[in-house]
Peer 1: 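Mind looking over this structure? Questions follow.
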Amino acid sequence: MKRILVTGGAGFLGSHLCEKLLDKGHDVVCMDNFFTGSKHNVEALRARGNFELIRHDVTMPLFLEVDQIYNLACPASPVHYQYNPVKTIKTSVMGAINMLGLAKRVKARILQASTSEVYGDPEQHPQREGYWGHVNPIGLRSCYDEGKRVAETLFFDYQRQNKVDIRVIRIFNTYGPKMHPNDGRVVSNFIVQALSGKDITIYGDGSQTRSFCYVSDLLEGMVRLMEHPDLVGPVNIGNPNEFTIRELAEQVIALTGSKSKIVAKPLPSDDPKQRQPDISLAKAKLGWEPKIALREGLIKTIAYFDQLLKSGESAILDSHLRQPQG
Ligand code: NAD
Ligand code: UDP
């Protein structure tokens, strides 16, 4: 049994990770500033004796005795990370410095939740870990992409210079229950729009592609990397099944039986045209590959949002997200 800190632990991935670690018998400290995450996501965990919740901003130092740190704190949806771009880059960079400093001090192993966005709008397809990427340093997505790239640099420099025990995972588009209904990312947007009979908003012509991974698959890969004796990464974790955004919209309409219409909206700048992980490394070294196909994962996620929208709880979550963030 270990004592484990999860930063961003009240968010979509973080809350599922806290639950998985508790189920394995660990002591879990969940730290979050509740920008995009919510106490609602960890409500059921708060009754468990080996769970603690701390309101804290990762841009500030934190002193704790822990064995492992999963560093997930950072808004992940383009809508949210562009809401306060300076804060986003501070969260990635200062957050990494603070958590690496903590890991160094207490000799904890630390895992960084990096992203496929480090590949930018990729000119290599599918993307392997050795690809250095094609990122605009001054665009609207740069606060997130470059922040995450600097965080990776910091991880490897702390490893070389201070012998910090690091792990770096590059996460490709992941979806599932506990995404925020107003998250702004494509899977939750389409499902919420379809269930509430609103137009389904495709940005651009919908020919851009993404490869969607279900949350339980992603977390299994993440924990396997953390537990691996010597694999440091970066390791791509995602589902290589690639779909156009139009195909995704059509699947969501078919699975919900919705009468929503598809409408076109402008394509945001620097929106990557294609994305698919090469997961050979994860397969070979972690014995990991995703098990849940898009259709199966969408059915589970639709059931979650259907219940949430009917319960009226999404209104509480919405009002939370409108609060201004310093
Ligand atoms: P999310 O927005 O649901 O979760 C992020 C969490 O971090 C939230 O709980 C938020 O309140 C918290 N947070 C934000 N800024 C903070 C700060 N300054 N201090 C403390 N907490 C802060 O997003 P998610 O999808 O759960 O993503 C989790 C991590 O995984 C992020 O680092 C993200 O970049 C990475 N990631 C996710 C995906 C994906 O598809 N879900 C893909 C690539 C990378
Ligand atoms: N997208 C869309 N409609 C939406 C939200 C997103 O067509 O309502 C598109 C977006 O332009 C991008 C893809 O879906 O091409 C994935 O967007 P998301 O914000 O989920 O994540 P990204 O991979 O771009 O960070």
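Numbers here are sequence positions counted from 1.
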Peer 1: Minimum heavy-atom separation for Ala249 and Ile262, please, with both atom names.
Peer 2: CB-CD1, 3.9 Å
Peer 1: What do the steps show when you test Asn84 against Val86 for side chain to side chain contact (heavy atoms under 4.5 Å, CB included), and what is the final call?
Peer 2: CA-CA 6 Å; Asn84 186 341; Val86 173; 4.2 Å; yes
Peer 1: Taking all non-hydrogen atoms of both residues, which atom of Glu123 and which atom of Tyr131 are closest, and how far apart?
Peer 2: N-OH, 2.9 Å
Peer 1: For residues Glu247 and Thr209, determine if any side-chain heavy atom of one lies less than 4.5 Å from a side-chain heavy atom of the other.
Peer 2: no
Peer 1: As an exercise, state the distance from CE of Met31 to CD1 of Ile69, rounded to the nearest 0.5 Å.
Peer 2: 9.0 Å
Peer 1: Do any N or O atoms from the side chain of Asp57 and from the backbone of Asn33 form a donor-acceptor pair under 3.5 angstrom?
Peer 2: no
Peer 1: Atom CD1 of Ile54 and atom SG of Cys30: how far apart are they, to the nearest 0.5 Å?
Peer 2: 8.5 Å
Peer 1: Output the distance between atom OG1 (Thr244) and atom CD (Glu242), rounded to the nearest 0.5 Å.
Peer 2: 9.5 Å
Peer 1: Look at the side-chain heavy atoms of Ile, Leu, Val, Met, Phe, Trp and Tyr, link any pair under 4.5 Å apart, and say whether Val66 and Val28 land in one connected group.
Peer 2: no
Peer 1: Nearest heavy-atom pair of Cys18 and Leu45: which atoms, and what distance?
Peer 2: CB-CD1, 3.8 Å
Peer 1: What's the spacing between Leu218 CG and Thr174 OG1 if we round to 0.5 Å?
Peer 2: 3.5 Å
Peer 1: Would Ile110 and Leu21 show up in the same hydrophobic cluster when neighbours are defined by side-chain heavy atoms closer than 4.5 Å?
Peer 2: no
Peer 1: Mind checking whether Thr201 and Val263 have side chains closer than 4.5 Å, heavy atoms only?
Peer 2: yes
Peer 1: Fit a plane to each ring of Phe172 and Tyr119, take the angle between them on a 0 to 90° scale, and name the class: parallel (under 30°), tilted (30 to 60°) or perpendicular (over 60°).
Peer 2: tilted
Peer 1: Would Gln193 and Ser260 count as having a side-chain donor-acceptor pair, cut-off 3.5 Å?
Peer 2: no
Peer 1: Check step by step if side chain to side chain contact (heavy atoms under 4.5 Å, CB included) holds for Gln251 and Phe190.
Peer 2: CA-CA 10 Å; Gln251 276 222 40; Phe190 285 1; over 6 Å; no
Peer 1: Donor-acceptor pair, Thr7 side chain versus Ala73 backbone, under 3.5 Å?
Peer 2: yes
Peer 1: Strictly below 4.0 Å, N to O, side chains only: are Glu296 and Lys291 in salt-bridge contact?
Peer 2: no
Peer 1: Decide if atom CZ of Arg109 counts as having more than 12 heavy atoms of other residues, nucleotides or ligands within a radius under 6.0 Å.
Peer 2: yes
Peer 1: Could you grab the distance from atom CG of Asp270 to atom CZ of Arg141, nearest 0.5 Å is fine?
Peer 2: 7.5 Å
Peer 1: Test your reading of the model: is there a side-chain donor-acceptor pair from Thr59 to the backbone of Met94, 3.5 Å cut-off?
Peer 2: no
Peer 1: Please say yes or no: joined through hydrophobic side-chain contacts below 4.5 Å, possibly via intermediate residues, are Met226 and Ile4 part of one cluster?
Peer 2: yes
Peer 1: With heavy-atom distances below 4.5 Å as the criterion, would you say the side chains of Tyr83 and Thr88 are in contact?
Peer 2: no
Peer 1: Is it the case that over 12 heavy atoms from other parts of the model lie below 6.0 angstrom from the CD atom of Glu52?
Peer 2: no
Peer 1: Search all heavy atoms of Lys104 against all heavy atoms of Tyr158 and return the closest pair with its distance.
Peer 2: CD-CE2, 4.5 Å
Peer 1: Under 3.5 Å, is there a donor-acceptor pair between the side chain of Ser196 and the main chain of Lys198?
Peer 2: no
Peer 1: Is the shortest heavy-atom distance from the side chain of Gln82 to the side chain of Tyr144 under 4.5 Å?
Peer 2: no
Peer 1: Are Glu146 and Arg149 within salt-bridge range, i.e. N to O under 4.0 Å?
Peer 2: yes
Peer 1: With rounding to the nearest 0.5 angstrom, report the CG to CG distance, Asp32 to Leu53.
Peer 2: 7.5 Å
Peer 1: List the atom of Tyr214, the atom of Gly176, and the distance in Å for their closest heavy-atom pair.
Peer 2: CE1-CA, 4.0 Å
Peer 1: Kindly indicate, with the supporting measurements, whether the criterion side chain to side chain contact (heavy atoms under 4.5 Å, CB included) is fulfilled by Val106 and Phe63.
Peer 2: CA-CA 9 Å; Val106 301; Phe63 299 94; over 6 Å; no
Peer 1: Can you tell if the side chain of Glu250 reaches within under 4.5 Å of the side chain of Ile253, non-hydrogen atoms only?
Peer 2: no
Peer 1: Flag this pair as yes if the NZ/CZ of Lys39 is under 6.0 angstrom from the six-membered ring centre of Phe34 and inside a 45 degree cone about the axis; otherwise no.
Peer 2: yes
Peer 1: Determine whether Leu140 and Pro268 make a side-chain contact, defined as any pair of heavy atoms from C-beta on separated by less than 4.5 Å.
Peer 2: no
Peer 1: For a side chain to side chain contact (heavy atoms under 4.5 Å, CB included) check, start with the C-alpha distance between Glu19 and Lys178, then their side-chain angles and the critical distance, and finish with the verdict.
Peer 2: CA-CA 12 Å; Glu19 186 172 1; Lys178 294 194 184 174; 4.0 Å; yes
Peer 1: Would you call Leu13 and Val215 a side-chain contact if the rule is heavy atoms closer than 4.5 Å?
Peer 2: yes
Peer 1: When you look at NZ of Lys20, are more than 12 heavy atoms from neighbouring residues, nucleotides or ligands closer to it than 6.0 Å?
Peer 2: yes
Peer 1: Spell out, as yes or no, whether a donor-acceptor pair under 3.5 Å connects the side chain of Ser142 to the backbone of Asn136.
Peer 2: yes
Peer 1: Look at the side-chain heavy atoms of Ile, Leu, Val, Met, Phe, Trp and Tyr, link any pair under 4.5 Å apart, and say whether Tyr81 and Ile89 land in one connected group.
Peer 2: no
Peer 1: Under a 3.5 Å distance rule, please check whether Asp67 uses its side chain to pair with a backbone N or O of Arg3 as donor and acceptor.
Peer 2: yes
Peer 1: Thinking salt bridges, do Asp230 and Lys285 make one under a 4.0 Å N-O criterion?
Peer 2: no
Peer 1: Check whether any side-chain heavy atom of Val235 sits under 4.5 Å from a side-chain heavy atom of Trp288, and report yes or no.
Peer 2: no
Peer 1: Apply salt bridge (charged side-chain N to carboxylate O under 4.0 Å, His left out) to Asp271 and Arg210, showing your working.
Peer 2: CA-CA 11 Å; Asp271 199 288; Arg210 294 292 185 275; 3.0 Å; yes
Peer 1: Could you report the tightest heavy-atom contact between Leu62 and His56, atom names first, then the distance?
Peer 2: CB-NE2, 3.8 Å
Peer 1: Could you state whether Leu225 and Val168 fall into the same hydrophobic cluster, counting links through intermediate Ile, Leu, Val, Met, Phe, Trp or Tyr residues with side-chain heavy atoms under 4.5 angstrom apart?
Peer 2: no
Peer 1: Would a distance-only check, ignoring hydrogens and angles, find a side-chain to backbone donor-acceptor pair under 3.5 Å from His16 to Pro177?
Peer 2: yes
Peer 1: Taking CZ in Arg128 as the centre, count heavy atoms belonging to other residues, nucleotides or ligands within less than 6.0 Å. Is the count above 12?
Peer 2: no
Peer 1: Do Asp157 and Arg160 sit within salt-bridge range, that is, some charged N less than 4.0 Å from a carboxylate O?
Peer 2: yes
Peer 1: Is Gln208 reaching over with its side chain to a backbone N or O of Tyr203, donor-acceptor style, under 3.5 angstrom?
Peer 2: yes
Peer 1: Is the side chain of Arg167 donor-acceptor paired with the backbone N or O of His228 at a distance under 3.5 Å, no angle test?
Peer 2: yes
Peer 1: State whether the side chain of Lys148 and the backbone N or O of Ala113 hold a donor-acceptor pair below 3.5 Å, judged by distance alone.
Peer 2: yes
